[in-house]
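Structure first, then comments.
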Amino acid sequence: MAQISKEIRRLAEVGSDDENLDFARQAVAQFPAEIQLQKNLADCICRKYMWEETPDKQVKALEEAEKIYLTILDSPQIGLVEYETLFALCSLYSCGFHNAERAKAVASRLPDMKYCREALLAGIFHGEGGIPYMQDYIEKLTGAL
């Protein structure tokens with residue numbers, strides 16, 4: 001798995017969409033239960049087809065990505081990729097399918113800002129030790145605005 005992850009990172013930097021997608025399909029075929037590899041496959045499909053100009057080809061591909069994302073979200077072992085998958089699925093609905101309602105429904109499954117890492121760290125560290133956390137939180141909030 002470490003070698004596959006290394007190759008995924010390498011291809012993300014220098015590979016074409018076709019190379020990335022081919023490798024992602026091979027990796028999932030070899031390790032079908034690996035959620036991170038499934039997510040990578042869906043992400044590769046979206047990168048390649050999100051702005052495809054042939055509607056039939058685009059819809060079929062994006063429906064495949066949607067199915068993968070939804071399968072991941074239904075997995076009992078989702079773990080750390082849940083929020084990444086929700087974010088990716090929301091982007092797919094918004095940019096790929098141009099369906100704001102479905103994007104909003106998926107976005108509603110994400111926690112609100114009150115429960116993010118930066119808010120927690122800024123809130124639990126007081127005094128001088130907390131200043132870097134508060135600054136980080138404010139910078140990220142400002143960037144989001």
Side-chain angles (χ1 to χ4, degrees), residues 1-53 58-59 61-145:
M1 274 302 295
Q3 190 64 26
I4 290 174
S5 296
K6 184 177 176 181
E7 182 65 6
I8 288 170
R9 286 190 299 276
R10 186 190 75 77
L11 286 172
E13 291 179 18
V14 299
S16 69
D17 286 342
D18 289 329
E19 288 175 304
N20 282 311
L21 185 54
D22 290 344
F23 186 80
R25 287 192 189 286
Q26 291 170 15
V28 168
Q30 188 174 358
F31 298 100
E34 289 293 330
I35 290 176
Q36 190 63 48
L37 293 179
Q38 293 174 21
K39 182 177 177 307
N40 180 60
L41 173 58
D43 291 346
C44 286
I45 292 168
C46 285
R47 277 193 301 276
K48 180 169 173 60
Y49 293 102
M50 189 79 78
W51 293 274
E52 170 72 41
E53 300 207 9
Q58 180 191 37
V59 169
L62 295 181
E63 286 173 346
E64 178 186 6
E66 175 189 31
K67 182 178 177 183
I68 294 168
Y69 287 139
L70 292 172
T71 299
I72 292 169
L73 290 173
D74 286 341
S75 172
Q77 59 209 13
I78 188 167
L80 299 175
V81 299
E82 178 179 10
Y83 297 140
E84 292 175 4
T85 303
L86 287 168
F87 192 92
L89 185 59
C90 186
S91 296
L92 171 62
Y93 287 147
S94 176
C95 299
F97 292 128
H98 306 288
N99 188 323
E101 292 307 311
R102 288 174 83 183
K104 287 177 192 175
V106 170
S108 72
R109 294 175 61 180
L110 290 163
D112 64 27
M113 291 173 54
K114 180 180 177 181
Y115 298 104
C116 72
R117 173 186 58 237
E118 290 77 14
L120 175 66
L121 292 172
I124 62 174
F125 290 101
H126 301 286
E128 294 291 315
I131 291 174
Y133 297 109
M134 289 180 233
Q135 288 174 329
D136 184 45
Y137 185 39
I138 290 169
E139 286 174 15
K140 288 186 175 152
L141 285 172
T142 305
L145 294 174

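Residues take their numbers from the sequence shown, with the count starting at 1. In what follows, every heavy atom counts, from backbone to side chain, and hydrogens, waters and symmetry copies are set aside. This structure is a prediction, so every number in the text was calculated from the model and none was measured.
- Scanning both residues, Cys90 and Ala107, for their nearest heavy atoms gives SG-CB, 4.0 Å.
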Original post:
Stepwise, does the salt bridge (charged side-chain N to carboxylate O under 4.0 Å, His left out) test hold for Glu19 with Arg10?
Top reply: CA-CA 11 Å; Glu19 288 175 304; Arg10 186 190 75 77; 5.8 Å; no
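- A pairwise comparison of heavy atoms in Leu73 and Arg109 identifies CD1-NH1, 3.9 Å as the closest pair.
- Taking NZ of Lys67 as the start and CD1 of Ile45 as the end, the distance is 11.0 Å to the nearest 0.5 Å.
- For Lys39 and Glu34, the salt-bridge test fails: no basic side-chain N is under 4.0 Å from an acidic carboxylate O.
- When side chains are defined from C-beta on, Cys116 counts as touching Tyr137, because their heavy atoms get closer than 4.5 Å.
- Between Leu41 and Ile68, the closest side-chain pair of non-hydrogen atoms falls below 4.5 Å.
- The shortest distance between side-chain heavy atoms of Ile72 and Glu82 does not fall below 4.5 Å.
- With a 4.5 Å cut-off on side-chain heavy atoms, Trp51 and Cys46 do not count as touching.
- With rounding to the nearest 0.5 Å, the separation of CZ in Phe125 from CG in Leu120 is 8.5 Å.
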**OP:** Mind running side-chain hydrogen bond (donor to acceptor under 3.5 Å, both in side chains) on Asp74 and Tyr69 for me, showing each step along the way?
**Re:** CA-CA 9 Å; Asp74 286 341; Tyr69 287 139; over 6 Å; no
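- Between Arg102 and Glu66 there is a salt bridge, since a side-chain N of the basic residue sits under 4.0 Å from a carboxylate O of the acidic one.
- Side chains of Ile8 and Leu37 form a contact here, defined as non-hydrogen atoms less than 4.5 Å apart.
- Closest non-hydrogen pair, Lys140 versus Glu118, comes out as NZ-OE2, 3.1 Å.
- Atom CZ of Arg25 sits about 9.5 Å away from atom SG of Cys44, to the nearest 0.5 Å.
- Summarising the geometry of Met113 relative to Ala119, their closest heavy-atom pair is O-CB, 3.6 Å, with the distance given to 0.1 Å.
- Residues Glu139 and Met134 fail the side-chain proximity criterion, which asks for heavy atoms closer than 4.5 Å.
- Pairing each heavy atom of Tyr83 with each of Pro111, the nearest pair is CE2-CD, 3.5 Å.
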Original post:
Would Tyr133 and Asp136 count as a side-chain contact (heavy atoms from CB on, under 4.5 Å) if you check the C-alpha gap in whole Å, the side-chain angles of each, and the deciding distance to 0.1 Å?
Top reply: CA-CA 5 Å; Tyr133 297 109; Asp136 184 45; 5.7 Å; no
Original post:
Can Glu84 and Gln36 be said to form a side-chain contact (heavy atoms from CB on, under 4.5 Å), step by step?
Top reply: CA-CA 10 Å; Glu84 292 175 4; Gln36 190 63 48; 4.1 Å; yes
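- The two residues Lys48 and Asp18 come nearest to each other via the heavy atoms NZ-OD1, 2.5 Å.
- More than 12 non-hydrogen atoms from other residues, nucleotides or ligands lie less than 6.0 angstrom from CZ of Arg47.
- Atom CG in Leu89 sits 9.0 Å away from atom CZ in Phe97 (nearest 0.5 Å).
- The closest side-chain heavy-atom distance from Phe23 to Ile4 is below 4.5 Å.
- The shortest distance between side-chain heavy atoms of Ser108 and Lys104 does not fall below 4.5 Å.
- How far CG of Leu21 is from CG of Asn40: 9.5 Å, rounded to the nearest 0.5 Å.
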